[in-house]
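Naming convention: chains lettered A, B, ... in sequence-line order (proteins, then strands); numbering from 1 in each chain. Note that the structure is a prediction, hence the values are computed from the model and not measured.
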Protein chains: 2
Amino acid sequence: MRAYTHIMTNGPILSDCYCAALRTAARRSTAIYDEALVPVGINIAQFALMRKIARAGAPSLTELAAIADLDRSTIGRNVRVLERMGLVEIATGADQREATVTLAAAGHDTLRRALPLWQGAQDRIETALGGVSIDALRTLLGAL
Amino acid sequence: MRAYTHIMTNGPILSDCYCAALRTAARRSTAIYDEALVPVGINIAQFALMRKIARAGAPSLTELAAIADLDRSTIGRNVRVLERMGLVEIATGADQREATVTLAAAGHDTLRRALPLWQGAQDRIETALGGVSIDALRTLLGAL
DNA sequence: CGCCGATGCGGGCATATACCCATATCATGA
DNA sequence: TCATGATATGGGTATATGCCCGCATCGGCG
C-alpha cells in the first residue's frame, strides 16, 4: 500500500518517491542553512566545501572531488567561485597537471565566523527532528 | 559529541552536517533514478514534475510551484524544457496572465513507460534501506 | 469607468551539478 | 629517449534552482 501514499508536512505534499522526497528535503534544509550563513557571505555548499578543503590541507581537485563525492568538473567550478571570492587559493602542484587548493587567510576567517552560524542551523534542525529521527537520518544516509 | 563525527558509507565520508548529508543523499539517489529512467529520455526531476502535472490536471505555473515546493521561475524553466521535448503543453488560461500546463499525449506515454523503471529504482532503494529506515525517512521528511 | 495595488510570468544573473571532449602533463615499456 | 596509454584539468553544454526586477493583466474602489 505504499504507492500513492503521501506525507503531510509544513509545506506541500511530499511525494511517495524517495528520491523526490530526498531532493525536497535537501532543498529545504539548504534554504535553512543558506539563510543562517548570509551574514558571512557564503552558502552551505561553499561552507561544506571549504571545511573539506581545510581538513584535507591542500588537496588536488580530483582528490577534493573524491572527498566531496562530486564530479571533478563541479569541484573545479565551485572552487573557482571561492577563488574569486578570495577564500581559497589555487596553485599548481608538483605534478604540473594538478591544481591544489588551499584556504586563503580570508577563507579561514570566514570559516571561523561561519561555524557558530552553521551550528545554530544544526541545532535548529536537530530540535525539529528530535534525537530518534537524527539517528535514523544517519543510518539512512549510511545505507544509501 | 556529535561534532566531527563521521559515517562511513559505500563512497566517501558523509559530513556531520545534516544539510550536506541530505544534499549528498539527494545527489546519490538522483543518479540512481536518473540512470533507471535513461531508456525513456527523462530524469527523475522531470518524472516527478510530470506526475505532479498529471495529478493536478491543468495547473498554472504558480499552482505547480506550490505543489512542487519550488520557486515559480524554476517551474517555468523546467516546464519549458518539457515543452521543448514535446511532453507537455503550455496554454494561456482564462486569466490571460496565467499559463496552464497539461501533459501532451507523448507526455502521458512517456510517463506510462517510465513508471515501471521508476518503480524498479524505488524497489532498489527500499531494499537497500530496509523497512525501518524507510519509515524513518518518511518521519524525518515530514518533520523537516 | 478609470486608476492603482495585487497577481502571474518572463528574463537576467548566479550557483550547483553532471557528462563529454580536447589539451597538457606523466610515466612506463621498448 | 621516445611513443603511448594514463591521468588531471578546462571548457562546452544542459538541467535544476533561487532571487530580483520589469511588464502585462486583473480586480476592486472611488
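Between A:Asp71 atom CG and D:dA8 atom C1' the separation is 13 Å, expressed in whole Å. Summarising the geometry, the separation between CZ on A:Arg72 and C1' on D:dT7 is reported as 10 Å, rounded to the nearest angstrom. Between the CG atom of B:Asn78 and the P atom of D:dA14 there is a distance of 16 Å, rounded to whole Å. Here the C1' atom of nucleotide D:dC19 and the CD atom of A:Glu35 are 13 Å apart, to the nearest Å. Counting to the nearest Å, the C1' atom of D:dA16 and the CG atom of B:Leu37 are 16 Å from each other. Counting to the nearest Å, the C1' atom of D:dA16 and the CG atom of B:Leu70 are 9 Å from each other. Distance CZ (B:Arg23) to P (D:dA16): 16 Å, rounded to an integer number of Å.
Residue pairs meeting the salt bridge (Lys or Arg N to Asp or Glu O under 4.0 Å) criterion with at least one member in residues 77-93 of chain B: none, sequence neighbours excluded.
Summarising the geometry, atom CG belonging to B:Leu22 is positioned 13.0 Å from atom CZ belonging to A:Arg23; distances are rounded to the nearest 0.5 Å. The CE atom of B:Met50 lies 5.0 Å from the CG atom of B:Leu111; values are rounded to the nearest 0.5 Å.
Between the side chain of A:Thr74 and the main chain of A:Leu70, no donor-acceptor pair closer than 3.5 Å is present. Looking only at distances, a side-chain donor or acceptor of A:Glu63 sits under 3.5 Å from a matching main-chain atom of A:Ser60. In this structure a side-chain-to-backbone donor-acceptor pair under 3.5 Å is present from B:Thr100 to B:Ala91. Panel note: side chain B:Gln46, backbone B:Asn43; a donor-acceptor pair is recorded below 3.5 Å. Between the side chain of A:Thr24 and the main chain of A:Ala20, a donor-acceptor pair closer than 3.5 Å is present.
Base contact: B:Arg77 has a heavy atom under 4.0 Å from a base atom. A:Thr62 comes within 4.0 angstrom of the backbone, heavy atoms only, and of no base. Note on A:Asn43: only backbone sugar-phosphate atoms sit closer than 4.0 angstrom, heavy atoms only; bases stay farther off. Nucleic acid contact for B:Ser60: sugar-phosphate only, since backbone atoms but no base atoms lie under 4.0 Å from a heavy atom of the residue.
The pair B:Asp16-A:Arg55 meets the salt-bridge criterion, with a side-chain N (NZ, NE, NH1 or NH2) lying under 4.0 Å from an Asp/Glu carboxylate O.
Taking a heavy-atom distance under 4.0 Å as the criterion, the stretch of DNA chain C touched by chain A extends 5' to 3' from C:dT15 to C:dC26.
Looking at residues 79-105 of chain B, you'll see B:Arg80, B:Arg97, B:Glu98, B:Ala99 sit with a heavy atom under 4.0 Å from some atom of DNA chain C.
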